[in-house]
Amino acid sequence: MAIRFEKIVTGRFGNPEASTLAGYEAAGGYQAIRKILGKAEPKNVIELVKASGLRGRGGAGFPCGLKWSFVPQSLNPKYLAVNGDEGEPGTFKDRELMIRDPHQLIEGIVVACYAVGIAKAYVYIRGEFDAPWRAVERALGEAYAKGYLGENILGSGFGCDVYAHRGEGKRGHPRLKPPFPAVVGLYGKPTVINNVETLSNLPHIVNNGAEWFAGIGIDEKNTGTRMYCVSGHAARPGLYELPLGLTCEELIYEHAGGMRNGKALKAVIPGGASAPVLTAQEVREGKVRMDFDSLAKAGSMGGSGGVIVMDETACMVQAAGRLARFFEHESCGQCSVCREGTGWVSEIINRVEAGRGRADDLATLASIDPNMRGNTICVLSDACAMMFGAFLKKFHREFEAHVEQGRCPLGSPYPA
Amino acid sequence: MALGARFPHSPGEERFEFTPENRAELGRIMAKYPARRSALIPALQLAQKQAGAVTSAVMQHLAAIFGISPMDVWGVVSFYSMLKTRPVGKHHVMVCDNLSCALLGAGSLLRHLEQRLGCRAGHTRADGKFSVERVECLGACGGAPCLQINEDYFERVTPAMADEIVAALEKGEPVAPVGADEAAPPRDGAGAAQESAAQESAAQESAAQEKAAG
Amino acid sequence: MADQEITFTLNGEAVAAKKGEPVLEAALRRGLHIPHFCYHSYLSVVGQCRACLVDVLDAGNGKPVPKLQPACATPAIQGMVISTVSPRVKEAQEGVFEFLLKNHPLDCPVCDQGGECPLQDQTMAYAKAVSRTHELRRIYPRKELSAYVKPEMNRCVHCTRCIRFTHEIDGGGEFGWASRGDRTEVGIFEDLPLTSIVSGNVIDICPVGALTDNKYRFTARVWEMAHAEGPCTLCSVGCRQRVWRAGDELKRVTAGENPAVNDAWICDVGRYGWSGVHAGERILRPLIRREGRLQPASWPEALGHIARRLGAILRESGGGAVAGLGGAWATNESAFQFGAFFREVLGSNSVDCRVHPRDLAQTEAQLAAFGAVGGQGSIAGLGRAKGILLVGSDPFEEHPILALQVRKAARGGAAVVSVHPRRIDLRLHSGLRHLCPLPGEEARALRALAKALAEAGAAPSGEGAEGYAHALASADLDALCREADIDPREAREAARALRPEGAEVVVLAGPGAQAEAAAEAANLALLLRAELLFASTGPNLQGALDMGLHPALLPGGRPLGDAAAREACQGAWGGPVGAAPGLSSAQVWDALNERRVRALYLFGCDPAAEHPEGARVRRALEAAEFVVLHASHANASLDYAEVVLPAPTLYEEEGSVTNLERRVQRLRRAVKPLGEAREPWRAFAELSRAMEAPMRAHALDRVRLQARLLCADYAGPLSRLPEEGVRLARERRGAFRAAALPPAAPPAGGLRLILAPALWLSGSFAASAVHLKDMPRAALRLSPPDADRIGAGEGDEAEVELGGRSLRLPVRVDASLPVGLAQAPEGYLAALRGGLDAGAARGGAAVKVRAAAAAPRVKVGG
Ligand SMILES: Cc1cc2nc3c(=O)[nH]c(=O)nc-3n(C[C@H](O)[C@H](O)[C@H](O)COP(=O)(O)O)c2cc1C
Ligand code: SF4
Ligand code: FES
């Protein structure tokens, strides 16, 4: 099947003016809400998004329209939480979307709010992100001034407010589910949570139609583009917006310039730190495609779109240890399994990497893996297990060699 | 954050009050959210800017403002790495050390910076000008290795580039951020292609550095 | 719907449950154990420890749930099929325990939790027997918490029960989480001490040895101890508690569970009050005053002495010359026998359990409004209420568990209105409204509130309604508010808040509701169709009244004027009962001074210290010809006694007690009576024999038989008491009393002092309890401006001058006090025998305060 190449959300990235309201309008911005506000039935907008096949770009790839339809219409107020946390290592797209094209996001937010009947949206931007915060705040000011936000937008009778947000002022603890956020979410109210990239697609779907969107991508379940965040040993790391369904090799070799210094590919993490690593062999022989379902079939996942490419010089134990440290750091600490498990795993892997591995360490690691899956409130614990489970299984020899030799056979190429 | 950290008490820190401007700003932030508590993190960031750090007095003051216990404030402060209980340097240098950056020499960049600044990660230089910290993913992996100095991002940083930045900061000169800013070239294929050459030499340079250091 | 009964299957066994309740709760009730740490029936469900994971094979809809589910957070649904033994559950359990133990120190042999440690016990049952951890264990820096709670945080398993307790139940929020990942730390802010009066509960709920009892630890092992379960007798709430002993020594008290009273919490006064049992102040044997000194005597000698002295007075002056006070600190059985002894043996009706004028005022107000005392409201009703009116009540200081119930109601959305001179603290961030009248003007504030309620549509109905409606109609809200010094707008808002449509309202009158305020509280309860609770200070005041310790009421609360009632007594006791009412506690003092009463029998009370009009009372005691003190502890009244009889404490006696909601609970003896103390009911029977007028009731079952006969509604409870006790409720019907309010006091200049009870400083028993000495010290509370004015800071000493006497107290700067008002704890002043006759003055007593000495900082609670 021929895949149609078309940039959607990053189309204006080359144009520095696009981040301003004038630039956005000049490039055709704020037409989508003109088209639907007060004109289309909200439920038809949900149907449109369902028909487009748009799936969440935040990690789980859940169908966006379907998620919206879970929110009880009768309960008010409802909120939209825009996830701009960009917490997954290897991912660096939402930050750019917020900085370079904030109005596109705002327009997407208005579309979502209109469809679900939401009057307030909160764009969560993590505390470390200053430039995105400023960009979004500035764009919000412009949008309010021009009547794209607030009461009675463009005289349509529909109004909604959007705020930049640093969270509820609490520790970031995932909540026990059920109740699901669609019923009890932000501030205890029904809440839709969408990723920045997911929302940024919406104006385009409204403007160009569901069919147009569904026509990009490999099949009806994997439609549109993704912002692939290529990092690591590719010759040209960077953001590549490409249709869902191109192969991993195409992404690396045709778009990201191949491998740095012509070195051989060793492994790819295709969807952010949580996504199980793929070996070069799997990538090559499996012709693994970079869409949600193909990656799932290959035993990994599309996740957040972070593609970390590693060449033959990379030490897999070190990579796993580095990521384990991230999970240990990110664990919120409430579930015993995750609080203790992430720390334990990180300690063992980094000990093995440093040449202080014990004979039974690899067996212990292997047996911790299943205990960390499916047993916690959120899936951070699972993500950690998926990560090190795949490294351990697919590069077992390399782990063994570390234990046997009491040092890194590759000489710990990237000491932290 | 150290386990069970106790916070520095110096006489000057016994009391904390927001300046009138910051208090007004906090009022504006509080009004935006359905629950006042949502303003806690912005309030902590404001206080940190004003007092140089989130001290014990700051936490107790905010607890009173928000009607929560000081422990609840500390729970939040100790959760988010951008909140500091001790003053950091005038220029706080955060070096990302996650996988993507590590693969491209973050480790040697960090060590280079520690040497250049005479200040170990996690510490503040005696003159208070610089502090260095190793941080988790900054969300700029495509520009690895990257670092953040105060609010500004710097991407594809070579040791030489780091020296230039530091030299400028030491002289009190403004330094333009390098990377994902509206003005910077986009990180799509085209933009990246232009930079790949620079990128390559950066990697080589850091590899060389590594050998020298190792 | 919420209470719909359903059935689900657990490991093949049928389990009955209330629809929607946690599967874990239902399973535990059924005796099927599922491991758990974070779950606690009275705290919110967080599902964090992950120990309770179960396999839902059928979610009640024919479909399995793919992932294991935490049983604590899984609502029970009809037809569910659950396994806790499937291989994947076992594997998960072993995993969870391995993680929980990963950083747990290996110090079980020296850990105080040993033997009652859920971690240890459940590890034995559910964990793999091998340890695979080689890593160094996590070490937290040491911190101290309080004199009562000893932390050993390295043992913490992060179940967060302590965090949820301090946030949800106690409200202070002292415990919290810090950091994240495997450095996550449960603890307190810096080293701010735990000061809450209910903080000891964290010891009970901590499932490991991280929070242990500092007073108990290392004094015994749990397997060496036995425990008795029953009501706490430190105050009138009657929380269920467990009293632990090793041999003949009390070791500790832990909370028991009674959902109708205290859920699973007790206050620290109840927890540590037992230390008064072994106190040096205990009276261990009878004493007789010879040559001006109390000297040891045998029981027969002492009883013979009393019999001779009383006999002579009876012969010369008749029964009317003997009066008895006390009984609120006794069992129902002993109280009953005290009354019977007076009426039957001495022929005196002058017997009264209401020694404090406050108790007298409150009970008389209830009698006037309802014809009976107590039974108009319930503690559980308080916790469920949608509106609460607090009258002269500061529950955290007076009855801490009631404070928790009020907080529970407030969490459920109740509006709470407090009428109190101070802005009392319930650790509520919203929902609490204050009407702060001038002290002594509480009744006026309540009348204003009633007026505002009437404006909002509340209409009195029933007996006396017309008169009250008329009084309200002619009342001027603004004038009332002006005189009481409250804001009429706030009164109107409070009235609106208390009357959301059809809401369940409870009026709780505390020790501050005296005289007119108590009467007005009853009116308001009638107007709001509310439940009404009077919270007295004596633990068994209610029971003692029901047993007939009232000059005009016989057992069962039947009036003395009722011939049939008198006849019933005669039938039970054998002797005739006089129809003329005796003297009340208010009348006894003058009667003693005027020699109309010659002998005074003090039973478990200490008027010399506890009566607010100390000087007058002490003059009367001085004037008395013969005083018997029958008590467990030496107290200030001892100085006036000619004979002293040792009584057991309520930890040493079998019987029953009745709490403030008229719940009768069985008291089990925890240890043998110390020294020669013997049960008072027995002592009275023996005394009657010494007086050659033997009472019929000479054994406990005979006492009970008589009490059952004479107190109709006690018949059931006294024969068989269920574990949670029986609440003897009364119909909520009464009569409005539209008494005219006394004229408003002219505005008082200068500083006024009010005395208020603090539970931990009240009475000689609490005063003697060594462990309670670590409670906050008695202090003079001053508003910040007043403290500034006299130049005293927190902890400095102030000299308080009142009525020509003075004493020194540390200062506590308390923003809840209005300017011009100071507060001191009455029990403490009493214990000092300082003789400050302050409480009687309406509007507080004029007091002079000046800074005395800058004292070293007082460490509160630590
Ligand atoms: C541990 C963890 C971390 C996550 N981090 C992010 C994140 O940084 N950004 C994001 O958009 N979604 C993140 N997600 C996914 C969100 O929970 C959520 O599914 C998503 O924001 C929904 O938006 P979408 O449906 O548009 O993808 C994370 C999920 C988990 C379990
Ligand atoms: S799995 Fe980890 S991050 Fe997720 S809720 Fe549990 S402890 Fe927190
Ligand atoms: S008891 Fe259920 S997760 Fe802790």
Side-chain angles (χ1 to χ4, degrees), chain A residues 87 170-180 324-352 356-382 384-385, chain C residues 35 37-38 44-55 65-70 72-75 88-104 119 128 130-138 156-160 163 176-186:
Chain A
K170 300 180 184 163
R171 293 167 59 82
H173 283 193
R175 296 175 198 166
L176 199 56
K177 288 174 273 205
F180 290 93
R325 248 188 22 218
F326 162 78
F327 285 106
E328 173 191 3
H329 182 263
E330 286 311 289
S331 166
C332 78
Q334 51 174 339
C335 306
S336 0
V337 170
C338 171
R339 179 185 61 246
E340 308 296 344
T342 52
W344 195 8
V345 162
S346 166
E347 189 160 354
I348 297 179
I349 298 176
N350 287 303
R351 168 167 84 213
V352 168
R356 288 182 279 106
R358 300 170 48 98
D360 54 358
D361 271 349
L362 302 188
T364 302
L365 266 186
S367 73
I368 294 174
D369 172 351
N371 291 339
M372 285 183 67
R373 297 194 194 219
N375 292 343
T376 46
I377 291 175
C378 83
V379 292
L380 185 98
S381 174
D382 298 61
C384 177
Chain C
F37 293 98
C38 63
S44 62
V45 173
V46 290
Q48 288 164 340
C49 75
R50 316 309 289 177
C52 69
L53 291 171
V54 295
D55 209 341
V65 179
K67 278 191 186 183
L68 297 181
Q69 296 295 312
C72 65
T74 303
R88 66 183 193 135
V89 175
K90 286 274 145 217
E91 192 187 338
Q93 282 173 350
E94 286 171 5
V96 169
F97 275 88
E98 183 166 48
F99 292 129
L100 282 171
L101 295 169
K102 163 84 184 18
N103 274 303
H104 191 78
L119 181 61
K128 264 213 193 93
V130 291
S131 167
R132 303 185 296 172
T133 53
H134 308 287
E135 297 74 20
L136 291 178
R137 273 149 215 263
R138 180 172 49 218
C156 170
V157 287
H158 307 78
C159 74
T160 71
I163 299 181
W177 317 72
S179 302
R180 53 204 261 181
D182 70 352
R183 298 138 301 143
T184 301
E185 180 182 12
V186 172

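It should be emphasised that the depicted structure is a prediction, and the values quoted were computed from it without experimental measurement. Every chain is numbered from 1, with letters handed out A, B, ... down the list of sequences.
When all heavy atoms are compared, the tightest approach of C:Phe99 to A:Asn371 is CE1-CB, 3.9 Å. Annotation for C:Thr184 and A:Cys332: closest pair OG1-O, 3.9 Å, computed over non-hydrogen atoms.
Only the side chain of A:Leu176 comes within less than 4.5 Å of a heavy atom of chain C; its backbone N, CA, C and O stay farther away. In this structure, chain C has a heavy atom under 4.5 Å from the side chain of A:Glu347, while its backbone stays farther away. For A:Ile348, the part lying near chain C is the side chain, with the backbone staying farther off; criterion is any non-hydrogen pair under 4.5 Å. Using a 4.5 Å cut-off between heavy atoms, C:Val46 contacts chain A through its backbone alone, with no side-chain atom that close.
Considering C:Lys102, C:Arg137, C:Arg183, C:Arg138 in turn, C:Arg138 is the only one that fulfils the salt bridge (charged side-chain N to carboxylate O under 4.0 Å, His left out) rule with A:Glu340. Applying side chain to side chain donor-acceptor pair (under 3.5 Å) to C:Arg180 and the options A:Glu328, A:His173, A:Glu330 leaves one that passes, A:Glu330.
Here the CG-OG distance, from C:Asn103 to A:Ser336, works out to 12.0 Å after rounding to the nearest 0.5 Å. To the nearest 0.5 Å, atom CG of residue A:Asn375 and atom CD of residue C:Gln69 are 10.5 Å apart.
C:Asp182 places none of its side-chain heavy atoms less than 4.5 Å from the side chain of A:Thr342.
Between the side chain of C:Arg50 and the backbone N or O of A:Cys335 there is no donor-acceptor pair closer than 3.5 Å. Listed for the A:Arg339 side chain is no donor-acceptor partner under 3.5 Å among the backbone atoms of C:Leu100.
The ring-ring contact (aromatic ring centres under 6.0 Å, His included) test applied to A:Trp344 returns no partner, not counting sequence neighbours. Legend: residues meeting ring-ring contact (aromatic ring centres under 6.0 Å, His included) with C:Phe37, ordered by chain and number and at least two apart, are C:Phe97.
Note on A:Arg351, A:Arg373, A:His329: by heavy-atom pairs under 4.5 Å with chain C, the leading option is A:His329.
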